[in-house]
Amino acid sequence: MPEGLTIRHVTPGDAGAIAAIYNHYVTGSVVTFEESPVTAEDMATRIAAVTMSHPWLVAEKDGAMVGYAYAGKYHARAAYRHTVETTIYLDHRCHGRGLGTALYRALLERLPGLGIRAAIGSISLPNPASIALHEKMGFALVGRFPQIGFKFGQWIDVVYLHRTFGAP
């Protein structure tokens, strides 16, 4: 793990810092299909909903939040209860330092103990860094959906990556 990096469970007080990290991508990229910035209150509601049943981790480096990762329901039907969709975001100034690898690894290591059998990553294109991170973590490309998102006046493709864990 990179020196000075701490990974811990999210708290409600983290909502503002998480919203700040996320909103950079909302307003300046196609990484998320959300088009309007979220408030700290919106993010607090999302955190509460996810953490009722799944893990949400934050990464701090030298006391400052540098990223977050969580696992959420893939679909509502009961048969999907052992599958999650994973999400990771880093502060845009912190890429290329191994922080995302450490954070994502910490999240993925928790999942089998929670009865999770499969994880799915959904990535809008282009995003070579996210694809590389997922592949490093054992995910494999399983599908491409051409032109399913529209943001900033352009059609965007999405790929799905998948990995499994030992039996729950």
Side-chain angles (χ1 to χ4, degrees), residues 10 18-39 42-43 45-47 49-51 53-59 66-112 114-168:
V10 70
I18 290 170
I21 290 169
Y22 182 61
N23 284 334
H24 168 80
Y25 297 98
V26 171
T27 60
S29 79
V30 297
V31 169
T32 174
F33 285 172
E34 197 140 19
E35 295 181 312
S36 299
V38 299
T39 65
D42 293 335
M43 193 58 72
T45 299
R46 294 176 188 192
I47 291 167
V50 168
T51 57
S53 58
H54 293 88
W56 186 315
L57 304 177
V58 297
V66 295
Y68 65 95
Y70 65 89
K73 278 185 183 179
Y74 174 63
H75 284 299
R77 303 284 190 263
Y80 291 113
R81 69 187 169 278
H82 300 288
T83 301
V84 294
E85 185 169 6
T86 55
T87 299
I88 181 168
Y89 283 93
L90 285 184
D91 182 303
H92 68 280
R93 299 163 292 198
C94 296
H95 290 258
R97 302 181 195 170
L99 306 175
T101 298
L103 176 58
Y104 212 30
R105 182 175 288 125
L107 175 70
L108 296 173
E109 286 174 351
R110 285 167 169 75
L111 298 179
L114 300 172
I116 302 302
R117 173 78 169 141
I120 296 171
S122 174
I123 303 171
S124 55
L125 299 178
N127 195 338
S130 187
I131 290 173
L133 175 62
H134 281 79
E135 289 175 342
K136 182 190 291 188
M137 296 292 116
F139 285 75
L141 181 67
V142 293
R144 181 181 187 123
F145 299 96
Q147 301 181 2
I148 65 167
F150 188 81
K151 186 175 178 182
F152 301 141
Q154 63 184 339
W155 288 102
I156 303 155
D157 293 0
V158 172
V159 294
Y160 271 26
L161 290 94
H162 169 270
R163 73 161 284 177
T164 56
F165 306 96

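Just so it is clear, the structure is predicted and the values come from calculations on it, not from any experiment.
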For Asp42 and Thr45, which I'm curious about, is there any donor-acceptor pair between the side chains at under 3.5 Å?
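No pair is found: no donor N or O on one side chain lies under 3.5 Å from an acceptor on the other.
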Just by distance, with hydrogens left out, do Thr86 and Tyr70 show a side-chain donor and acceptor under 3.5 Å apart?
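There is no such pair (donor and acceptor under 3.5 Å, judged by atom type) between the side chains of Thr86 and Tyr70.
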Closest non-hydrogen atom pair, [X] against [Y]:
| X | Y | value |
| --- | --- | --- |
| Ile156 | Leu125 | CG2-O, 3.4 Å |
| Tyr74 | Ile120 | CE1-CD1, 3.4 Å |
| Gly100 | Ile88 | O-CD1, 3.5 Å |
| Leu90 | His95 | O-NE2, 4.0 Å |
| His162 | Ala118 | NE2-CB, 3.7 Å |
| Ala119 | Phe165 | CB-CE1, 3.9 Å |

Starting from the C-alpha separation in whole Å, work towards a yes-or-no answer on side-chain contact (heavy atoms from CB on, under 4.5 Å) for Arg46 and Tyr22.
CA-CA 12 Å; Arg46 294 176 188 192; Tyr22 182 61; 3.8 Å; yes
Would you say the rings of Phe33 and Phe150 are close, in the sense that their centroids are separated by under 6.0 Å?
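Aromatic pair excluded; centres sit 6.0 Å or further apart.
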Ring center gap for His92 and Tyr25 short of 6.0 angstrom
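Ring centres of Tyr25 and His92 not closer than 6.0 Å.
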Basic-acidic side-chain contact under 4.0 Å: Glu85, Arg163:
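Salt bridge flag = no for Arg163 with Glu85.
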Note, Ile116 side chain near Thr83 side chain (heavy atom, < 4.5 Å):
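The answer is no, as the side chains (C-beta and beyond) never meet within the 4.5 Å cut-off.
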Answer yes or no: is there a side-chain heavy-atom contact under 4.5 Å between Leu107 and Pro55?
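With C-beta onward as the side chain, the pair touches.
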For Tyr68, which residues count as a side chain to side chain donor-acceptor pair (under 3.5 Å) partner, sequence neighbours excluded?
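None.
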Does [X] use its side chain to pair, donor to acceptor, with the backbone of [Y] at less than 3.5 Å?
| X | Y | answer |
| --- | --- | --- |
| Ser124 | Val31 | yes |
| His75 | Tyr80 | no |
| Asn127 | Ser130 | yes |
| Arg105 | Ala102 | no |

Name all pairs fulfilling the salt bridge (Lys or Arg N to Asp or Glu O under 4.0 Å) condition that reach into residues 136-152, sequence neighbours left out, sorted by first residue then second.
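Pairs touching residues 136-152 that pass the test: Arg144-Asp157.
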Take Val66 and Arg93, measure what side-chain contact (heavy atoms from CB on, under 4.5 Å) needs, and give me the verdict at the end.
CA-CA 9 Å; Val66 295; Arg93 299 163 292 198; over 6 Å; no
Should Val84 and Lys73 be marked as a side-chain contact (heavy atoms from CB on, under 4.5 Å) after you check the CA-CA gap, both sets of side-chain angles, and the distance that decides it?
CA-CA 5 Å; Val84 294; Lys73 278 185 183 179; over 6 Å; no
Partner of Ile123 by side-chain contact (heavy atoms from CB on, under 4.5 Å), out of Leu161, Val158, Leu141
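With Ile123 as partner, Leu161, Val158, Leu141 yield a single side-chain contact (heavy atoms from CB on, under 4.5 Å), made by Leu161.
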Which value, rounded to the nearest 0.5 Å, describes the distance between Cys94 atom SG and Ile21 atom CD1?
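The distance works out to 7.5 Å.
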Interatomic distance, Thr164 atom OG1 to His82 atom NE2 [nearest 0.5 angstrom]:
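Here the interatomic distance stands at 14.0 Å.
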Full working for side-chain contact (heavy atoms from CB on, under 4.5 Å) between Ile47 and Ile18:
CA-CA 10 Å; Ile47 291 167; Ile18 290 170; 3.8 Å; yes
